[in-house]
Amino acid sequence: MTKLLEWIFGVSLVVAVWALVTFDLLDLSLPQPYREVAWPMPLYLLVSFGCYSLATVGYRVATFNDCEEAAKELQEQIKEAREDLRKKGLKM
């Protein structure tokens with residue numbers, strides 16, 4: 001099963017449970033406070049997912065490893081490219 005299908009399955013499962021609780025499709029006779037909490041639940045989940053995503057990106061940026069060897073190699077390649085372009089008559 002691909003990752004997309006896993007996500008679609010999970011979201012559709014959550015939506016189905018939400019619809020059952022919110023619209024009382026199975027006559028569960030849930031108390032009114034439960035339905036009031038269930039109604040905005042998709043918005044709560046969306047905000048929670050956004051916060052989690054932001055925290056994950058922030059953590060990954062904060063702990064990103066520097067690649068000094070790769071940076072030096074890239075600088076050498078840039079110098080070589082500039083010299084090559086100067087030999088070919090390009091003015092920078």
Side-chain angles (χ1 to χ4, degrees):
M1 183 181 290
T2 64
K3 202 64 165 171
L4 176 64
L5 290 177
E6 289 176 11
W7 275 95
I8 290 173
F9 177 73
V11 168
S12 55
L13 184 66
V14 169
V15 168
V17 170
W18 174 78
L20 288 173
V21 170
T22 301
F23 301 116
D24 201 18
L25 299 175
L26 295 178
D27 294 327
L28 298 174
S29 301
L30 292 174
Q32 188 64 24
Y34 288 176
R35 285 194 213 140
E36 290 174 0
V37 169
W39 178 248
M41 193 58 67
L43 183 62
Y44 295 154
L45 291 175
L46 185 64
V47 169
S48 297
F49 178 72
C51 291
Y52 170 75
S53 299
L54 186 62
T56 301
V57 169
Y59 175 75
R60 297 282 169 94
V61 167
T63 59
F64 186 75
N65 294 331
D66 291 334
C67 303
E68 294 181 17
E69 295 170 4
K72 289 177 184 177
E73 181 181 345
L74 182 60
Q75 290 296 327
E76 290 295 323
Q77 290 176 357
I78 291 172
K79 286 179 186 176
E80 290 174 6
R82 283 185 179 168
E83 291 173 8
D84 186 46
L85 290 173
R86 281 189 190 124
K87 288 179 185 176
K88 293 182 179 180
L90 183 67
K91 295 180 182 178
M92 290 189 250

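Here the structure is a predicted model, which is why all the values come from computation and not from measurement.
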- Item | Beyond-backbone contact of E73 with E76, side-chain heavy atoms, under 4.5 angstrom | no
- Item | Expected output: side-chain T22 to main-chain A19 donor-acceptor under 3.5 Å | no
- Message: Would you say L20 ends up clustered with V11 if hydrophobic residues are merged whenever their side chains have heavy atoms under 4.5 Å apart, either directly or through other cluster members?
- Response: no
- Message: Please find the pair of heavy atoms, one from A38 and one from W18, that lie closest to each other, and give the distance.
- Response: O-NE1, 2.6 Å
- Can you find a heavy atom in the side chain of Y34 that is under 4.5 Å from one in the side chain of W39? no
- Message: Looking at K88, is its backbone amide N or carbonyl O close enough to the side chain of D84 to form a donor-acceptor pair, meaning the two atoms are under 3.5 Å apart?
- Response: no
- For salt bridge (charged side-chain N to carboxylate O under 4.0 Å, His left out), just list the numbers for E6 and K3, CA-CA rounded to whole Å, side-chain angles, deciding distance to a tenth of an Å, and then say yes or no. CA-CA 5 Å; E6 289 176 11; K3 202 64 165 171; 3.6 Å; yes
- Item | More than 12 heavy atoms from other groups under 6.0 Å of CD on E69 | no
- Within a radius of less than 6.0 Å around CZ of R82, do more than 12 heavy atoms belonging to other residues, nucleotides or ligands occur? no
- Treating Ile, Leu, Val, Met, Phe, Trp and Tyr as nodes and any side-chain heavy-atom pair under 4.5 angstrom as an edge, say whether Y44 and L13 lie in one connected cluster. no
- Calculate, to the nearest 0.5 Å, the distance between atoms NZ and CG belonging to K79 and L74 respectively. 11.5 Å
- Got a sec: does the CZ of F23 have more than 12 other heavy atoms crowding it under 6.0 Å? yes
- Do other residues, nucleotides or ligands put more than 12 heavy atoms under 6.0 Å from Q32 CD? yes
- How far does CZ of F49 sit from CG of L54, to the nearest 0.5 angstrom? 11.5 Å
- Query: Hey, any chance V47 and V37 share a hydrophobic cluster, counting ILVMFWY side chains that come within less than 4.5 Å of each other, even indirectly?
  - Reply: no
- Query: Among the clusters formed by ILVMFWY side chains lying less than 4.5 Å apart, do L30 and V14 turn up in the same one?
  - Reply: yes
- Query: Mind checking whether L28 and L25 sit in one hydrophobic cluster, side chains of I, L, V, M, F, W, Y counted as touching below 4.5 Å?
  - Reply: yes
